[in-house]
Amino acid sequence: MEEQNDLLGQRRAKLDSYREGGVNPFANDFKTSHTTAQIAEMHIDDDAEALQETEAEYAIAGRIMARRDFGKAAFLQLQDGSGRFQVYIAKNQIGEDSFELFRRFDIGDIIGIRGVPFRTKTDELSLRAKTIRLLTKSLLPLPEKWHGLTDVETRYRQRYLDLIVNPDVREVFRKRSRIVSLIRNFMLERDYLEVETPMMQPVAGGATAKPFVTHHNTLKMDLFLRIAPELYLKRLVVGGYDRVFEINRNFRNEGISIQHNPEFTMMEFYQAYATYHDLMDLTEEMISSIAKQVCGSFVIPYGGKDVDLTPPWDRLTLKESIVKYGQVEPEVLEDRTSALSYARTLGLELDDRIGHGKLLAEIFDEVVEPKLWQPTFITEYPTEISPLSRKNDENPEVVDRFELFIVGRELANAFSELNDPVDQRERFVKQLEEKAAGDEEAHAMDDDYVRALEYGLPPTAGEGIGIDRLVMLLTDSASIRDVILFPQLRPEVG
RNA sequence: GGGCCGGUAGCUCAGUCGGUAGAGCAUCUGACUUUUAAUCAGAUGGUCGUGGGUUCGAUCCCCCCCCGGCUCACCA
């Protein structure tokens, strides 16, 4: 037969022969009684003798991951949603006809087994099949059993295949799910209301970033995919929900890297009558307790080093951190000109007209951020780069804001919200000027948001936590693509 | 977008100082009723990422392009 050399062709031919022989290769009437993990759990303490006496019979289903044939018998590794389990197939147990059918099953096929538990000579808990059924014929061969699938491009493009063959990948996304659910519970227990706000926005506000543009045909208008939910969530606080949160996607039309995906998940939350100090305490408690539940300890490994999340965490002002890590006298930072020449000694290429605040942020990014391995809150951000934050009462040059850094990365950003509508409008105007001067990412004017503030936003603090990065931290993942099921890639060609 | 690295069988990889390619696993045939990457014997399987150039001859050398990884820039 011409197709005999072609793996896909061989399996297609089997499909046809099954149908001709009255075997449905895509049956859907098989019910399982247990997962393989449940069976393993129930019989963990039973030895071979105890199992001989049991009358238990189980129905399990899963994908054949390996088969070891011995003529009239065989061992299979069956994988279901809970793990892998060994199945023993013997001709004198399932009958000649079934065994003939079984002989043509391929690795990758999904089958159903009814059988009884026993222990093999090597004491491995297994199921001795009484009946065996094909549930789904698999037409494509799986990657090799030993080396598995390592090609990262295939792993991301065909994540289903990655998940079939790489148990540690399955585990990462289970942990991701668990982390999100723990965060949600943490917030709900503290009386935060979970809400959903627009993904498509006429003004992309709440952050400084380039948005994606889309178009609504009937409304004949361009819309932006949101870069942040911030302004909508604060409108809800104006509306009287004192505590709100949203766990959802943001979209930013910027570079892709080991830490950046165009769409990424943020948890943003707002709390009336709180300050950014309250949020530092809350963040410490949230992240450390989740780490403890997910990783079993406050001290977790990341990239070959330990991170200690035991509260309390270091708290430094932006300037203090530069002095500490940049080996520079505090006075140098007080003056824009001297700070600029210091920055240039660091090799930073900066425009002469750069503002003092933006300059300090540049210096921080260069000399401090990569060194903040252990969790650290940085406070007293320049007002100039914080258009939505409340000015500090003692020093209007800085705002009541913090960012959280762990393993040299920003993980959270929070501040006491600016709720003075006059100040807010002025800051928007200032951003418009920067936009006019060429800053593509300067914040747009949002008249309705200012109007909401004019009705009165209570004193409020708000925060955003990067969920992907948190998951990276708690799963010891080097790339954001390893914690996003379907990371953005160019289309497959050919 | 720049720099560096990579793309060879279904998978994991080797290789050709230029003469159209190999291994292991998978697959197929045969043996085998307690294996654990089962074993043993045999067999099949490739437009060497795409297009062009140089050459008697290119998977190999040169150029363009596509895809991916890392990195720099930008950002969270």
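Quick note on labels: first sequence line is chain A, next is B, and so on, each numbered from 1.
- Between the side chain of Thr150(A) and the base of U12(B) there is no donor-acceptor pair of N/O atoms closer than 3.5 Å.
- Regarding Leu161(A), its CG atom lies at a distance of 9 Å from the C1' atom of C11(B), rounded to whole Å.
- Distance check on atom C1': C60(B) versus U8(B) gives 11 Å, rounded to whole Å.
- A salt bridge links Arg67(A) with Asp69(A); the closest basic N to acidic carboxylate O contact falls under 4.0 Å.
- Ring stacking is absent between Phe70(A) and U33(B), as the pair misses the limits of under 5.5 Å between centres and under 30 degrees between planes.
- The CZ atom of Arg159(A) sits 15 Å away from the P atom of G68(B) (whole-angstrom rounding).
- Nearest nucleotide to the side chain of Ile480(A), out of G10(B), A76(B), U34(B): A76(B).
- Residue contacts for Gly464(A): at a heavy-atom cut-off of 4.0 Å it reaches no nucleic acid atom on any strand shown.
- Rounded to the nearest Å, the gap between the C1' atom of G51(B) and that of A37(B) is 41 Å.
- When the C1' atom is compared between C63(B) and U54(B), the two are found 11 Å apart, to the nearest whole Å.
- Among the heavy atoms of the strands lying under 4.0 Å from Lys72(A) is at least one base atom, whether or not backbone atoms are also near.
- Rounded to a whole Å, the CD atom of Gln86(A) is 13 Å from the C1' atom of U33(B).
- Side-chain proximity of Pro143(A) to the nucleotides C28(B), C11(B), U35(B) is greatest for C11(B).
- Dashed line: the shortest gap from a side-chain N or O of Arg481(A) to OP1 or OP2 of C70(B) is under 4.0 Å.
- Ion pairing between Glu194(A) and Arg184(A) holds under the 4.0 Å rule for side-chain N and carboxylate O.
- Not one side-chain nitrogen or oxygen of Lys145(A) sits closer than 4.0 Å to the OP1 or OP2 atom of C11(B).
- Side-chain contact between Pro117(A) and Tyr58(A): present, with at least one pair of heavy atoms (C-beta onward) separated by less than 4.5 Å.
- Between Asp106(A) and Arg11(A) there is a salt bridge, with a side-chain nitrogen of the basic residue lying less than 4.0 Å from a carboxylate oxygen of the acidic one.
- Under 4.0 Å is where a charged nitrogen must lie from a carboxylate oxygen, and between Arg103(A) and Glu100(A) at least one such pair does.
- Closest approach to the Leu7(A) side chain among C11(B), U35(B), G10(B) is made by G10(B) (side chain taken as heavy atoms from C-beta onward).
- Among the atoms of the strands shown, only primed sugar atoms or phosphate atoms (P, OP1, OP2) are found under 4.0 Å from some heavy atom of Asp151(A).
- A donor-acceptor contact under 3.5 Å is formed by the side chain of Arg128(A) with the base of U34(B).
- The P atoms of C56(B) and C67(B) are separated by 35 Å, rounded to the nearest whole Å.
- Using a 4.0 Å heavy-atom distance criterion, Arg490(A) is classed as a sugar-phosphate-only contact.
- Nucleotides C62(B) and G18(B) place their C1' atoms 13 Å apart, quoted to the nearest Å.
- Nearest-nucleotide positions on RNA chain B place Lys91(A) closer to the 5' end than the other of Lys91(A) and Arg67(A).
- As rounded to the nearest Å, G15(B) and G22(B) have C1' atoms that lie 7 Å from one another.
- Comparing C67(B), G69(B), U33(B) against the side chain of Glu153(A) picks out C67(B) as the nearest.
- Positionally, the nearest nucleotide of RNA chain B for Pro141(A) lies more toward the 5' end than for the other of Ala66(A) and Pro141(A).
- Here the side chain of Gln10(A) is nearest to one of G69(B), C28(B), A37(B), namely C28(B).
- Taking only side-chain nitrogens and oxygens, Lys210(A) never comes nearer than 4.0 Å to OP1 or OP2 of A76(B).
- Taking the charged nitrogens against the carboxylate oxygens, Arg157(A) and Glu492(A) have no contact shorter than 4.0 Å, which rules out a salt bridge.
- Evaluation of atom-type donor-acceptor distances gives a pair under 3.5 Å for the side chain of Glu144(A) against the base of G24(B).
- Using atom P as the reference point in both U16(B) and C61(B), the two lie 10 Å apart (nearest Å).
- Comparing U33(B), U12(B), U35(B) by their closest approach to the side chain of His147(A) singles out U12(B).
- Straight-line distance from the CG atom of Asp6(A) to the P atom of A43(B): 21 Å, rounded to whole Å.
- Base contact: Asp69(A) has a heavy atom under 4.0 Å from a base atom.
- For Glu124(A) against U35(B), no side-chain N or O and base N or O form a donor-acceptor pair under 3.5 Å.
- Judged by distance alone with a 3.5 Å cut-off, a donor-acceptor contact links the side chain of Tyr88(A) to the base of U33(B).
- Counting heavy atoms of neighbouring residues, nucleotides and ligands inside a 6.0 Å radius, atom CD of Glu41(A) does not exceed 12 of them.
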- Note on the structure: Secondary structure of RNA chain B per the Watson-Crick/G-U criterion (both distances under 3.5 Å; [ ] crossing, | other strand, . unpaired) is (((((((..((((.....[..)))).(((((.......))))).....(.(((..]....))).))))))))....
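- Stacking annotation: Phe264(A) is stacked on the base of A76(B) (ring centroids less than 5.5 angstrom apart, interplanar angle below 30 degrees).
- Nucleic acid contact class of Asp365(A) (heavy atoms, under 4.0 Å, all strands): none.
- In this structure, the ring of Tyr160(A) has its center no less than 6.0 angstrom from the ring center of Phe486(A).
- Look at CZ on Phe405(A): it is 10 Å from C1' on A76(B), rounded to the nearest Å.
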- Task: Verify ring pair (Phe, Tyr, Trp, His ring centres under 6.0 Å) between Tyr276(A) and Phe415(A), making sure each step is shown before the conclusion.
- Result: CA-CA 5 Å; Tyr276(A) 74 115; Phe415(A) 37 86; 9.5 Å; no
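- Ion pairing between Asp351(A) and Lys358(A) fails under the 4.0 Å rule for side-chain N and carboxylate O.
- Backbone-only engagement by Ile258(A) is indicated by non-hydrogen atom pairs under 4.0 Å involving sugar-phosphate atoms exclusively.
- Backbone-only contact: Leu489(A) has heavy atoms under 4.0 Å from sugar-phosphate atoms and none from a base.
- Arg68(A) has its CZ atom 10 Å from the P atom of U35(B), to the nearest Å.
- Nucleic acid contact for Phe118(A): base, since at least one base atom lies under 4.0 Å from a heavy atom of the residue.
- Electrostatic pairing of Arg481(A) and Asp162(A) does not count as a salt bridge here, judged by no charged N lying under 4.0 Å from a carboxylate O.
- Among the protein residues, Arg157(A) comes within range of the sugar-phosphate backbone only, with heavy atoms under 4.0 Å from sugar or phosphate atoms but none that close to a base.
- Across the C1' atoms, U59(B) and U47(B) are found 11 Å apart, a figure rounded to whole Å.
- Between the P atom of C74(B) and the CD atom of Glu410(A) lies a distance of 15 Å, rounded to the nearest Å.
- In this structure, CZ of Phe105(A) is placed 18 Å from C1' of U27(B), rounded to the nearest angstrom.
- Note on Arg409(A) versus Glu403(A): no salt bridge recorded, every NZ/NE/NH1/NH2 to OD/OE distance being 4.0 Å or above.
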